[in-house]
Protein chains: 2
Amino acid sequence: MKTIADIAKIAGVAKSTVSRYLNGGSVSEETKKKIELVIEETGYAPNAFAQSLKAKKTNIIGTIIPRLDSYATSRTLMGIDERLRELNYHMLVSNTGQDLTREIENIYTLAKQKVAGIILLATEVTDAHLKAIQEIDIPVLLVGQQHDNVYSLVHDDETAGYAIGKYIAQRGHKKIAFLGVGEYDVAVGVKRKKGFAQAVSEHTADVEARFFETTFSMSDAAERAGQLFDEFSPSAVVCATDNLAIGAMKAAYQKKLRVPMDVSITGFGGYEVTAMMNPSLTTVRIHFTEAGHTAASHIAKLVKGEDVPKLTYSRFDLILRESVDIRTNHLL
Amino acid sequence: MKTIADIAKIAGVAKSTVSRYLNGGSVSEETKKKIELVIEETGYAPNAFAQSLKAKKTNIIGTIIPRLDSYATSRTLMGIDERLRELNYHMLVSNTGQDLTREIENIYTLAKQKVAGIILLATEVTDAHLKAIQEIDIPVLLVGQQHDNVYSLVHDDETAGYAIGKYIAQRGHKKIAFLGVGEYDVAVGVKRKKGFAQAVSEHTADVEARFFETTFSMSDAAERAGQLFDEFSPSAVVCATDNLAIGAMKAAYQKKLRVPMDVSITGFGGYEVTAMMNPSLTTVRIHFTEAGHTAASHIAKLVKGEDVPKLTYSRFDLILRESVDIRTNHLL
DNA sequence: TTCTTTATTGGAACCGGTTCCTTAATCAGC
DNA sequence: GCTGATTAAGGAACCGGTTCCAATAAAGAA
């Protein structure tokens with residue numbers, strides 16, 4: 001592979017002149033022609049590392065994600081990647097396998113790699129996170145979680161949870177199960193539940209809400225939902241993710257419960273597959289790709305030293321489909 | 001941020017000694033202690049670029065993928081990332097949005113970034129690909145596609161297609177529809193179809209197979225499947241991906257066709273959600289994560305100059321579930 | 001015609017590491 | 001006590017770019 005020195009020698013000029021040519025300094029038309037020709041012929045491409053060494057930064061944005069096999073993550077990454085490409089950055093992905101220690105480790109490793117900025121799709125923000133973020137001298141953007149000391153982009157899970165809770169309560173459901181995940185994931189495990197709880201609590205009258213917990217896995221959700229139908233026999237099950245809802249629908253099917261006649265089910269996320277379910281699933285659509293775009297734009301600005309809002313909310317909307325039925329009192 | 005020179009000065013030794021300490025050269029116990037202390041205090045971490053500049057390579061493996069919102073891709077990436085981490089590499093992801101030009105571009109860009117190796121999840125291998133792969137002087141591993149001149153890891157789509165075709169034919173189906181995608185994706189669009197076609201052709205007797213085409217999108221698949229039911233009214237629909245099968249099931253539901261009593265449906269991929277469908281979907285499971293592991297191991301070996309088989313097949317197996325029924329002649 | 005000014009260009013230093021070479025010091029063997 | 005081997009450490013060169021500074025030449029001003 002050719003270096004800038006080779007090009008310079010072949011073109012009969014100095015390294016600095018070639019560098020100037022490449023970076024738009026003052027070079028005569030004549031020399032420009034010569035250098036252009038040589039570069040054309042040799043297919044020369046500057047070594048990005050040598051450049052970064054001097055510039056002390058790269059055009060790589062690191063993203064740290066808890067898992068790759070998640071609709072939310074891959075959609076968000078798509079958005080990030082798309083926008084980043086437009087802005088002439090590359091995306092380096094670090095998967096942590098939902099391991100908190102590795103999340104911290106990765107922050108330091110990315111810093112060592114001298115990435116220009118870091119987008120952190122965290123599940124939780126601990127003191128160790130804050131310490132790491134402070135120590136490395138690199139802009140960090142939090143996506144999906146929020147902390148006052150860090151630039152954050154959140155999905156407003158609480159309001160969304162409230163919206164779906166309100167919707168279900170307004171349809172006359174009195175016995176509502178909430179199928180969620182552990183509180184280690186603040187956005188999904190805490191915020192969504194909290195918003196939902198708030199909504200149903202406003203219908204104090206005679207609504208009974210019960211909270212159940214499972215993992216992010218569909219099959220675990222199916223199993224838990226199966227038990228839940230026996231224990232509680234709710235008229236509606238509000239699930240904290242679409243995958244859980246898919247599991248719940250499976251369980252209902254196995255218990256010979258008809259959706260939505262016997263039990264209404266809702267999801268959370270807006271995965272494409274929810275439209276294909278039978279019946280199609282009422283859910284909250286979160287605009288992950290759009291959020292990814294925003295995240296990329298924000299981190300790019302931060303890298304350039306420009307300012308962005310400390311906290312940004314992404315959009316969501318309710319998608320009303322077939323899996324929810326109206327319940328009037330006399331039917332109960 | 002401190003440099004090695006700072007550390008050396010503080011510890012009262014030469015840069016080279018610190019470097020030797022870090023890389024396990026001969027350093028006296030006494031100096032080791034001194035340097036260790038200083039590094040501890042300052043939180044010094046070597047600049048990865050300066051290291052790469054000298055070493056002329058990085059510990060980053062670039063992966064080029066057509067799309068992120070695909071089960072196959074994200075599973076494969078998971079596998080790659082997991083194994084790569086064990087081997088002390090990082091994964092740089094470049095998404096091409098199914099744009100062939102960008103696939104080529106990305107090969108060059110990654111080369112400029114001096115990644116140690118490239119894993120290419122291509123949809124097709126053109127001359128431009130081969131040219132790019134040759135020009136950059138970096139090991140490349142093809143995943144999901146195969147070419148004689150490039151190290152390849154393939155999913156043996158043809159054999160798998162044959163297996164599912166055989167299975168359906170043996171269950172007595174006589175009118176079989178194959179719902180596939182365009183031939184621009186060689187593995188999915190060509191190989192799977194070819195294997196299937198071979199299998200049914202061996203049941204020359206009275207099997208009628210018809211081939212239909214759609215995109216990778218579930219909703220497009222649902223629409224196409226809807227038409228197909230009207231045009232052809234098959235007793236079985238073999239789909240080239242699980243997403244297409246999900247679309248087909250939706251279409252069947254809308255047409256009031258019962259699965260599998262009226263029509264059998266099969267998928268391809270083994271996505272988790274197929275187990276949750278009602279009825280659950282018979283499909284071919286491809287071991288994407290495992291393939292990712294293998295891909296990572298192979299590229300690491302290639303980077304180190306070790307040899308690996310030019311062509312490796314990943315495993316697959318048939319998962320027999322509820323969506324396929326036996327057809328005996330008198331029922332038709 | 002001579003002095004400035006301006007446009008190009010070359011040379012050298014630097015970014016932060018690694019590595020080769022040399023020297024100094026310690027130690028064993030005779 | 002002297003010689004050769006071995007270990008520890010420093011110094012300098014190098015990786016492949018960028019950038020600052022000085023030098024030269026050409027052009028414009030006086």
Side-chain angles (χ1 to χ4, degrees), chain A residues 1-39 42-60 108-116 136-138, chain B residues 1-39 42-60 108-116 136-138:
Chain A
M1 193 111 268
K2 294 259 178 291
T3 73
I4 199 171
D6 297 328
I7 305 301
K9 189 150 51 161
I10 300 175
V13 299
K15 277 169 65 178
S16 45
T17 307
V18 178
S19 175
R20 238 174 282 123
Y21 165 80
L22 291 168
N23 299 295
S26 95
V27 180
S28 72
E29 280 307 318
E30 197 185 353
T31 359
K32 265 186 196 163
K33 284 269 171 3
K34 275 196 293 186
I35 298 175
E36 192 178 356
L37 198 71
V38 177
I39 290 185
T42 56
Y44 166 74
N47 179 329
F49 283 121
Q51 295 180 314
S52 309
L53 177 58
K54 185 72 181 182
K56 294 194 174 187
K57 80 157 93 135
T58 57
N59 62 342
I60 297 180
Y108 287 112
T109 314
L110 287 178
K112 224 165 75 173
Q113 303 274 350
K114 292 278 181 290
V115 297
I136 66 171
D137 194 29
I138 293 175
Chain B
M1 194 108 273
K2 295 258 178 292
T3 72
I4 199 170
D6 297 328
I7 304 301
K9 189 150 53 166
I10 299 175
V13 298
K15 277 168 64 177
S16 45
T17 306
V18 178
S19 176
R20 237 174 282 123
Y21 165 81
L22 291 168
N23 300 293
S26 92
V27 180
S28 73
E29 278 308 315
E30 197 184 354
T31 15
K32 263 187 195 163
K33 283 268 168 9
K34 276 194 295 187
I35 298 175
E36 193 177 354
L37 199 70
V38 177
I39 290 184
T42 54
Y44 165 75
N47 178 329
F49 284 121
Q51 294 181 312
S52 309
L53 176 58
K54 185 71 181 181
K56 293 195 173 187
K57 80 158 88 135
T58 57
N59 62 341
I60 297 179
Y108 288 112
T109 315
L110 288 178
K112 222 164 77 176
Q113 302 275 348
K114 293 277 180 290
V115 296
I136 66 171
D137 195 29
I138 293 176

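Being a predicted model, the structure only gives us computed values, none of them experimental. First the proteins, then the strands, lettered A, B, ... as listed; each starts at 1. Only heavy atoms go into these numbers, but all of them, side chains included; no hydrogens, no water, no symmetry mates.
Nearest to the side-chain atoms of A/Ala50 among the listed nucleotides C/dG17, D/dG10, D/dG16 stands D/dG16. Of the listed nucleotides (D/dT7, C/dC15, D/dG10), D/dT7 has the atom at the smallest distance from the side chain of B/Ser26. For A/Thr31, the side-chain atoms get nearest to C/dT8 when compared with the rest of C/dT19, C/dT8, C/dG17. In the set C/dT9, D/dG17, D/dG16, the nucleotide with an atom closest to the side chain of A/Val27 is C/dT9.
For the atom pair CD of A/Gln113 and CD1 of B/Ile60, the computed distance is 4.5 Å after rounding to the nearest 0.5 Å. Note: B/Ile35 CD1 to B/Glu30 CD = 11.0 Å, rounded to the nearest 0.5 Å.
Contact annotation: side chain of B/Ser19 to base of C/dG17, donor-acceptor pair absent below 3.5 Å. For A/Lys54 against D/dG16, no side-chain N or O and base N or O form a donor-acceptor pair under 3.5 Å. A donor and an acceptor atom never sit less than 3.5 Å apart when one is taken from the side chain of A/Lys56 and the other from the base of C/dC15. Looking at A/Lys15, its side chain has no donor and acceptor atom pair within 3.5 Å of the base of C/dG11. Applying the 3.5 Å distance criterion, the base of D/dA8 shares no donor-acceptor pair with the side chain of B/Arg20.
Two residues, A/Leu53 and B/Thr17, neighbour DNA chain D, and the one matched to the more 5' nucleotide by heavy-atom proximity is B/Thr17. The nearest heavy atom of DNA chain C to B/Lys2 and to A/Glu29 marks one nucleotide each, and the one closer to the 5' end goes with A/Glu29.
The side chain of B/Asn47 places no N or O atom within less than 4.0 Å of a non-bridging phosphate oxygen (OP1 or OP2) of C/dC15. For C/dT18, the OP1/OP2 oxygens have a side-chain nitrogen or oxygen of B/Gln51 closer than 4.0 Å. Contact annotation: B/Tyr44 side-chain N/O to C/dG17 OP1/OP2 distance is under 4.0 Å.
The CD1-P distance, from A/Ile4 to C/dG11, rounds to 15 Å in whole Å. C/dT18 atom P lies 14 Å from atom CZ of A/Phe49, rounded to whole Å. As a whole-Å value, the separation of A/Lys114 NZ from C/dC15 P is 14 Å. In this structure, B/Ile7 places its CD1 atom 16 Å from C1' of C/dT18, rounding to the nearest Å. For B/Lys34 and D/dA9, the NZ to C1' distance is 10 Å, given to the nearest whole Å. B/Lys112 places its NZ atom 11 Å from the P atom of D/dG17, with the value rounded to the nearest Å. One interatomic measurement links the two molecules: NZ of B/Lys32 to P of D/dA8, which rounds to 8 Å at whole-angstrom precision. Separating the CD atom of B/Glu30 from the P atom of C/dT26 is a distance of 11 Å, rounded to the nearest angstrom.
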Kindly list each side-chain donor-acceptor pair under 3.5 angstrom involving residues 42-49 of chain A, sequence neighbours excluded, with atom names and distances?
{"residue": "A/Thr42", "atom": "OG1", "partner": "A/Val38", "partner atom": "O", "Å": "2.8"}
{"residue": "A/Thr42", "atom": "OG1", "partner": "A/Ile39", "partner atom": "O", "Å": "3.4"}
{"residue": "A/Thr42", "atom": "OG1", "partner": "A/Tyr44", "partner atom": "N", "Å": "3.4"}
{"residue": "A/Asn47", "atom": "OD1", "partner": "A/Phe49", "partner atom": "N", "Å": "2.7"}
{"residue": "A/Asn47", "atom": "OD1", "partner": "A/Ala50", "partner atom": "N", "Å": "3.3"}

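Counting any heavy atom pair closer than 4.0 Å across all strands shown, A/Ser28 reaches sugar-phosphate atoms only and no base atom. Among the atoms of the strands shown, only primed sugar atoms or phosphate atoms (P, OP1, OP2) are found under 4.0 Å from some heavy atom of A/Val13. Residue-level contact check: B/Tyr21 touches neither bases nor backbone, having no heavy atom under 4.0 Å from any strand. Residue contacts for B/Ser16: at a heavy-atom cut-off of 4.0 Å it reaches a base atom on one of the strands shown.
Under a 4.0 Å N-O distance rule, the pair B/Lys33/B/Glu36 does not qualify as a salt bridge.
Across all their heavy atoms, B/Lys15 and B/Ala5 have their closest contact at CG-CA, 3.9 Å. Considering every non-hydrogen atom in both B/Thr58 and B/Ser52, the closest pair reads CG2-OG, 3.7 Å.
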